[in-house]
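Residue numbers begin at 1 in each chain, while the letters A, B, ... track the order of the sequences.
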Amino acid sequence: MKYRIVHVTRYDYGEVTEKCYNQACLLPRADAGQRCHEAELQLNPRPVDYAERVDFFGNRVSYFAIDEPHTEMVVRAVSCVEVGRSENVLPSSAATWEEVRDELRCSRDPEVLAARQFVFSSGLVRGAPALECYAAHSFLPGRPLVEALLDLLSRMAADFTFDPGVTDITTPLLEVLGHRRGVCQDFAHLAIGFLRSHGLAARYVSGYLETLPPPGVEKLRGADASHAWVSTFLPGQGWLDLDPTNNLVPRDQHVTLAWGRDYSDVAPLKGVLFGAVRNHRLEVTVDVERV
Amino acid sequence: MEKEIASTSCPYLPEAGVHDELCDVDGGLRPKWRHLIQTIAPSGGDELGRRRRRAQRLLYEDGACYSVHGDPAGLNRPWEIDPVPLLIAAEEWGWLEAAVQQRARVLDYLLADLYGPRELLQEGIVPLDLVYGDRAFLRPCDGIRLPGPHALVLYAADVARGADGSFRVLGDRAQAPAGVGYALENRSVMSRILPAVSRQAHVHPLNEFFRTLDATLQALAPTRDEPARVVLLTPGPHNEAYFEHAYLASYLGYSLVRGSDLTVQDGRVWLRSLGGLEPVHVILRRTADYFCDPLELRQDSMLGTPGLVEAARRGNVSIVNPLGAGLLENPGLLPFLPEITRHFLGEALQLPSAPTWWCGRPDDLEYVLAHLGELVIQAAAGGPPERPVEGGLLTRLERERLEAQIRFRPHAFVAQEPTGSYSVPVVAGARLEPRRAVSRLFAVAEGETFAVLPGALTRFAPRRGDRVAAQQLGGISKDTWVLVPETARVEDSRVELTQPPGSIDPLRLLPSRATEDLFWFGRYQERAEQGVRLLRTALRSLGESEDSVVQRIRRETLLQSLTHLTGTYPGFLRPQGEHRPGEPDFLAEPADELRALLFDEQRDGSVAFNLRKFLDSANDIRDLLSADAWRLLNDADADLVALRTATSEPEDAAPRLGALLKTLQAVTGNVLETMIRGPGWSFLEIGRRVERGLALTSLLRSTLAFHRDPAVEELLAEDVLSTVEMLVSYRRRFRAGVELSSVLDMLLLDESNPRALSYQLDRIQKACRHLPAPSDSRQRLRQEERLILGASTELRLADTTSLASAPSRGDVREELDGLLERTRERLASAANAILHDYFTHVAESQQLVPTGTEGDA
């Protein structure tokens with residue numbers, strides 16, 4: 001499946017900003033199941049300084065600075081991505097979750113070592129007994145990992161309600177676990193917390209999900225959104241993506257942008273600005289279009 | 001031997017099982033001390049105590065302090081020093097120096113590996129937990145390398161001796177090792193209190209180390225095309241070691257800057273100076289790495305410079321120690337250091353760590369849980385506990401809780417044997433007593449290896465038997481002397497630092513923030529002084545025994561003038577009869593309000609408030625003031641405390657205010673005589689002159705602009721003259737009684753009188769000419785110059801006879817009042833224009849609101 005993705009972020013400062021420094025994580029990376037044919041950032045105002053690099057996790061990161069008075073900044077990321085994941089989902093591995101955990105702990109295989117950094121706590125996903133407690137009902141002794149994962153996903157689908165108005169980036173994870181409401185990034189963080197609490201590797205995947213309108217209805221522009229899900233490591237099989245928000249294993253409707261330990265490693269756009277701006281408004285539109 | 005080391009009958013008794021530096025296990029004096037003890041002990045009596053007090057006095061005069069967060073003693077706690085140095089014998093030093101060098105080299109390789117190929121992780125020599133599980137591992141800084149062979153440039157080790165006398169390291173300091181400036185200051189004090197002894201004892205001087213430091217930093221400049229500019233980055237005056245930052249910056253000749261003084265443009269770092277943007281090549285960093293860039297590191301940091309990581313990544317600036325170096329301080333690495341040393345150097349580690357267990361290893365975990373009561377528990381990954389916890393001091397409940405935490409996340413905990421300190425002789429009363437101590441040794445990269453400071457910062461516990469917390473500085477310290485063999489001669493020369501070739505415009509050395517600080521320094525200094533002067537006059541009038549209508553009007557006028565001058569409205573201007581119940585009539589009962597004007601630090605305009613602001617602004621520019629200026633500033637602080645403690649009734653304060661005034665004037669004199677006449681000086685001068693002009697217009701308007709009974713007017717005119725210290729000059733010049741037009745002539749128009757209004761305006765005009773032209777200004781005169789010229793012209797055209805004449809109606813001399821009011825307004829506007837022209841270019845930074853993923857069901 002081939003997609004053209006247009007992701008527009010518009011900041012309206014309301015006041016004049018003299019200068020700003022930004023970092024964007026908006027250019028899709030390549031991965032086992034997808035290829036990025038082209039990708040670029042279109043910036044307005046034009047930056048005085050722009051540089052791209054590959055970050056610690058292999059994501060494509062852009063640094064740019066704007067050095068002219070402006071009241072609005074528009075970041076338009078346009079990319080063309082080919083996804084072909086449908087063949088290799090759901091591994092047939094019968095390994096129990098304990099075996100996977102122990103291999104992560106002890107193996108010196110470079111691939112396993114690389115995965116192991118995703119076992120540790122990170123800024124937005126700190127270990128806590130409550131996380132271990134919830135997950136333990138899925139990670140029963142001796143249970144094959146894949147089975148435990150699918151069980152965890154369906155329990156989460158039953159227990160948690162998608163509700164966009166309740167949380168933001170700063171909402172603590174345990175609070176979400178308490179009121180059981182949130183959006184995809186909360187559920188991704190929770191799933192990460194559940195997996196790590198049992199010594200498994202879990203990373204946060206930022207990306208897009210193609211939405212299809214009901215039959216007969218024309219698709220609206222900007223109706224899509226950025227999305228987030230998780231990925232966990234199975235030694236010998238590689239990474240397995242899981243979408244806890246939609247209780248499914250991503251196939252070719254999920255487009256990966258970047259991954260890291262949690263949201264803060266892959267925030268699509270962050271920045272520091274200089275000026276007397278008090279309340280600035282943010283507007284994001286995403287179009288994922290089949291081509 | 002007791003006779004030798006103690007001048008009283010009490011013997012020197014080291015704790016059992018603790019290595020003592022002075023005595024060996026049999027109680028005999030160690031040979032290295034013989035010379036020093038012979039020199040200082042026989043002087044008898046309280047000689048040691050005297051030396052200690054003298055040392056303390058010198059530190060106080062140098063303004064040396066170390067402040068501890070949340071310290072009830074206030075922000076600036078004096079740095080304390082013991083007058084007996086710790087001695088390291090030449091042969092001990094030879095071994096120790098090589099061992100510290102080796103350890104620094106190992107950590108240097110380790111840092112390069114952890115932010116580079118990470119071989120040690122792949123080979124299983126260092127557990128991943130200690131790197132990927134540690135918040136101090138800064139992923140954005142991965143792959144950034146300094147030019148040259150080193151990753152680690154500065155290193156410090158906290159060392160002590162085990163019971164067997166062998167040296168061991170309690171912790172490695174690599175984030176931004178602090179203390180080397182205090183070590184230098186300690187040496188400077190010691191060479192003044194024991195000059196002869198330090199010469200005879202053949203002590204290794206310290207200055208060579210700083211020369212090396214400077215040369216190393218200069219060589220790290222990424223470019224050879226222009227002279228290397230090194231700056232010292234400080235978190236600012238609220239940091240506990242700010243004294244040291246300022247001290248080192250002025251010693252090394254570097255600009256002392258904060259994150260907001262720097263800006264990143266074109267991927268390069270620039271200093272915002274009044275002369276424009278100046279390139280910065282090397283940053284000696286005293287701000288913790290994660291605070292240095294709010295874009296890529298801690299987003300809530302107010303201490304950083306956005307884009308700094310990117311500039312370092314592009315190799316356009318060298319940051320020392322590099323961002324991310326804090327990772328080396330993880331105590332969990334200590335058990336692995338012998339293996340790491342073998343890996344890199346193929347040698348055994350010479351300087352071992354204190355026995356340390358990392359709970360991430362099953363065997364270690366088991367040991368730690370079994371011996372929790374004998375160990376000190378610390379965080380391995382920047383999590384809890386925030387400070388090391390002594391297992392033996394925990395209650396059962398606390399201990400169980402800690403055990404549970406360790407079991408839940410074993411890799412996050414480290415335990416260490418608490419035996420890590422030795423005892424050193426310190427002066428207690430009139431004799432020597434042993435105290436537990438820890439010494440911090442410093443190293444700086446030099447060539448392919450490291451140079452070690454031949455000395456140390458040794459800190460000891462205040463009480464016998466207490467341990468020293470190694471993590472934070474503070475406590476009491478002592479100088480550490482490395483003895484040179486008798487045969488060798490060491491020349492102690494002044495440090496001649498290699499200045500970059502070519503002279504640099506002073507405008508370009510100062511952050512513009514510092515010039516603004518100078519402007520406020522001048523303003524608060526004058527404001528404090530003027531407040532004290534008028535208070536003194538008002539208090540004198542209260543002491544007047546004669547109770548007549550004339551005296552009452554005089555007194556009330558002065559009190560109200562005080563409210564005007566200090567801006568502490570409504571104060572004495574509250575209309576009669578409008579007092580809320582229970583509130584005194586301040587004019588009749590002025591004591592409470594006067595006390596507030598003297599001592600209430602929260603009251604904007606009080607003497608205490610102005611003095612606090614003055615001292616704060618002085619602290620902001622600490623590196624620009626001389627040591628003598630600091631002694632005087634400390635005196636001003638002490639004067640105020642003395643005034644407060646000695647004053648029960650405000651009237652008593654009048655004679656004592658003189659001491660404070662004298663100190664403030666001494667500061668003025670010192671600054672006048674020592675500060676280079678550059679742009680910084682011009683701002684200070686303008687600040688002071690504006691404030692003096694404002695005070696004078698306020699004083700005259702609130703006293704002599706009123707037409708009153710001639711007897712009252714004469715008294716008030718005398719009060720005004722004496723407030724501005726002109727009474728004697730007036731009498732000498734005019735001889736006759738006080739006459740208003742002559743007073744006005746003297747205080748308004750006389751350009752030769754340094755207290756006159758015209759003199760202030762003249763000085764401001766002159767100083768304005770030395771200010772740099774703002775880049776966007778093409779006008780011949782800037783706004784502040786136009787305002788001052790206007791004020792000056794109107795004043796020159798004024799006729800004092802007419803100003804002094806009685807009003808035809810009403811009781812206000814309208815012409816005089818109007819002139820003073822217009823002058824006051826112009827002065828205030830000129831000050832604002834200067835602030836606007838020069839200092840508003842740095843807006844507050846803030847974070848963009850994050851773009852959360854809205855999600856999709």
Quick check on [X] against chain B: is it the side chain, the backbone, both or neither that has a heavy atom closer than 4.5 Å?
{"X": "A/D168", "result": "neither"}
{"X": "A/D243", "result": "neither"}
{"X": "A/F57", "result": "side chain"}
{"X": "A/Y13", "result": "side chain"}

Relative to chain A, which of [options] shows the most heavy atom pairs under 4.5 Å?
{"options": "B/L121, B/D142, B/L128, B/T263", "answer": "B/L128"}
{"options": "B/E310, B/Q122, B/R135", "answer": "B/E310"}
{"options": "B/R409, B/E123, B/H411", "answer": "B/E123"}
{"options": "B/R118, B/Q265, B/Q299, B/R313", "answer": "B/R313"}

Taking the side chain as every heavy atom from C-beta outward, state whether B/V131 and A/Q117 have any atom pair closer than 4.5 Å.
no

Are A/Y21 and B/P294 close enough that some pair of their side-chain heavy atoms sits under 4.5 Å apart?
no

Before giving the answer on side-chain contact (heavy atoms from CB on, under 4.5 Å), spell out for A/Y63 and B/L295 the whole-Å C-alpha distance, their side-chain angles and the decisive distance to 0.1 Å.
CA-CA 10 Å; A/Y63 164 92; B/L295 181 65; 3.8 Å; yes

Between A/D49 and B/D266 the two heavy atoms that sit nearest each other are OD2-C, 3.7 Å

For A/A128 and B/F408 the tightest heavy-atom approach is C-CZ, 3.7 Å

Charged N-O contact under 4.0 Å between A/R53 and B/E296
yes

With ring-ring contact (aromatic ring centres under 6.0 Å, His included) as the test, would you mind laying out the steps for A/F56 and B/F137 before giving the verdict?
CA-CA 12 Å; A/F56 186 82; B/F137 181 54; 5.6 Å; yes

Are there more than 12 heavy atoms of other residues, nucleotides or ligands under 6.0 Å from atom CZ of B/F344?
yes

